[in-house]
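Below, chains carry the letters A, B, ... as their sequence lines are ordered, and counting in each starts from 1. Side chains included, hydrogens not; waters and symmetry mates left out as well; all remaining heavy atoms used. For clarity, every value in this text was computed on a predicted model and none was experimentally measured.
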Number of protein chains: 2
Amino acid sequence: MIIILKETKRKKKRFSRKDEIIRQATIMFKDRGYSGASVRDLAQLSGIEAPSLYSHFKSKEDILQRICDEMAKKFMKGLAKSEKKESATEKLKTALKLHIRTITKNTDASAVMWNEWKHLKGQGRTEFKKKIRNYEKRFQYILKEGMDNGEFVYYNPVILSKLIFSSLNGLSFWYHGNNKNIGINKNLQKLLFQGIKNQD
Amino acid sequence: MIIILKETKRKKKRFSRKDEIIRQATIMFKDRGYSGASVRDLAQLSGIEAPSLYSHFKSKEDILQRICDEMAKKFMKGLAKSEKKESATEKLKTALKLHIRTITKNTDASAVMWNEWKHLKGQGRTEFKKKIRNYEKRFQYILKEGMDNGEFVYYNPVILSKLIFSSLNGLSFWYHGNNKNIGINKNLQKLLFQGIKNQD
DNA sequence: CCTACCGATCGGTAGG
DNA sequence: CCTACCGATCGGTAGG
């Protein structure tokens, strides 16, 4: 009984240390950029010595990869949910809402993903890029669907999706806890939908 | 006569080398981030040895500062021009057009300015931030003006300006020479103005 | 998770 | 604009 308790406790402690490192790394990568963040400073903020990081992660890049992969997964999940809706309008509305929610609930990690993924290398990089490309393609597909069936005004879907993603992803830099109640989602939906929706 | 010619030539050569360093630095800072770009690689791409950089610039940060300051100047110039227009609608239309033009004509430098300015330090940093803040405030003032006199629908001007800037500044990452003719400006004006203009 | 330590590379200076 | 060189710091390993 005592042994089990100890095991549980030890496991718990190890996992939270790992999470703490990721949490600190996310903040550092955002503020100083991936290259500007040193493993020594990261270790110190996490309460351990630098070499101890390597019992949790195989490299500095490994940490970045995990941050990017986890965020990509969250964005994908939101999009999959929106694709289940009936109309293109509802799909787009939901996709926007969930994309915004993912960002505002993870501002630092979102900023790191969109701005620091370029430091990824090898297979991890390739797979990450594939995921993001897939996300964009599926988003564009929703736009196309709405344009084809007359729900939306016609735009170049690639340009439109790029513009939308830019405006949304910028959120990760200026959205803070203290402007939580200014109706980002409502303002954005209003602004974008006025331009996108077919008013006939 | 010969002496003057030589002087001119020498000056010209020195200036073009300096410009070449800035040009290469802009590309490197964008691709690898400020911290990820080494002065050695920068020197090599510019065709000189690393220590020779320091006869043109007093530090690595000095190069970044010049890139940021020059771009800030270009953005300010466009805004000043738009403020001379009569109506808020015309001001906004011109401000958007010139902001877009500044970005598409300087994609790399724009990306560096918006993403790497955080590496600036000391007085240069303070002054740069002041300029950007001023730019945003004046842009927001145009929005407010249009909302007050009924030209625009009411939004929170701060949110609206942040959203607009995000969508525009994202251009520096996906706009390339090969999508020059897809009507970015027209698409953007259409998208944003539908949401902003009062349709009464 | 630590101490001890590594080679490589960093931005930058001296002196010409 | 170069050669020669600096101390500091980088990401990471060995071994416990």
**Student:** Of the options D:dC2, D:dC1, C:dT3, whose atoms approach the side-chain atoms of B:P51 most closely?
**Tutor:**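 My answer, after comparing the listed nucleotides, is D:dC2.
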
**Student:** Answer yes or no: is there an ion pair linking A:E20 with A:R17, defined by an N-O contact shorter than 4.0 Å?
**Tutor:**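 Salt bridge: no.
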
**Student:** Does any residue of residues 57-70 of chain A have a heavy atom under 4.0 Å from DNA chain D, and if so, which ones, in number order?
**Tutor:**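 Within residues 57-70 of chain A, the residues near DNA chain D are A:S59, A:K60.
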
**Student:** If I take atom CD in residue A:E49 and atom P in nucleotide D:dC10, what distance separates them, rounded to the nearest angstrom?
**Tutor:**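 Rounded to the whole Å, the gap is 14 Å.
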
**Student:** Rounded to whole angstrom units, what separation is found between the OH atom of B:Y54 and the C1' atom of C:dT13?
**Tutor:**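 Answer to the nearest Å: 10 Å.
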
**Student:** In dot-bracket form, 5' to 3', how is DNA chain D paired? Count Watson-Crick and G-U wobble pairs only if both distances fall under 3.5 Å, and write | where the partner sits on another strand.
**Tutor:** ||||||||||||||||

**Student:** Which atom pair, heavy atoms only, marks the closest approach of A:Y154 to B:K190?
**Tutor:**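 Minimum heavy-atom separation between A:Y154 and B:K190: O-NZ, 2.9 Å.
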
**Student:** May I ask you to say whether A:R66 pairs ionically with A:E70, meaning some side-chain N is under 4.0 Å from a carboxylate O?
**Tutor:**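 So A:R66 does not pair with A:E70 through a salt bridge.
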
**Student:** With a 4.5 Å limit on heavy-atom distance, are the side chains of A:L143 and A:S161 in contact?
**Tutor:**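 A:L143 reaches A:S161 side chain to side chain.
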
**Student:** Return the minimal non-hydrogen interatomic distance between B:I142 and B:L92, and the atom names on each side.
**Tutor:**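 It is CG2-N, 3.9 Å.
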
**Student:** Salt bridge check: are B:E116 and B:K30 linked by an N-O gap of less than 4.0 Å?
**Tutor:**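 No, this pair does not count.
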
**Student:** One thing to verify: whether A:D108 and A:R23 come together as a salt bridge, which I'm taking to mean a side-chain N less than 4.0 angstrom from a carboxylate O.
**Tutor:**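 No, A:R23 and A:D108 are not salt-bridged.
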
**Student:** B:S55 has a side chain; which of D:dC1, C:dC1, D:dA14 sits nearest to it?
**Tutor:**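 Nearest to the side chain of B:S55 among the choices is D:dC1.
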
**Student:** Thinking salt bridges, do B:E136 and B:K162 make one under a 4.0 Å N-O criterion?
**Tutor:**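 Result for this pair is yes, salt bridge flagged.
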
**Student:** Taking A:R138 first and then A:E83, would you say they form a salt bridge - that is, a charged N and a carboxylate O separated by under 4.0 Å?
**Tutor:**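 Salt bridge flag = yes for A:E83 with A:R138.
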
**Student:** Just verifying a value: how many Å separate B:I100 CD1 and B:L188 CG, rounded to the nearest 0.5 Å?
**Tutor:**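 If I round to the nearest 0.5 Å, the distance is 4.5 Å.
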
**Student:** A:K121 has an atom NZ; how far is it from atom P of D:dG11, in whole Å?
**Tutor:**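 Distance check: A:K121 NZ to D:dG11 P gives 12 Å.
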
**Student:** May I ask you to list the residues of residues 33-48 of chain A, by number, that have any heavy atom positioned under 4.0 Å from an atom of DNA chain D?
**Tutor:**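 Close to the strand are A:A37, A:S38, A:V39, A:R40.
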
**Student:** Distance-only, no hydrogens or angles: does the B:S52 side chain make a donor-acceptor pair with backbone N or O of B:I48 under 3.5 Å?
**Tutor:**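 No; judged by distance alone, with no hydrogens or angles, the pair does not exist.
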
**Student:** Can you check the A:M28 CE to D:dC10 C1' distance for me, whole Å?
**Tutor:**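 Atom-to-atom, A:M28 to D:dC10, this comes out as 12 Å.
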
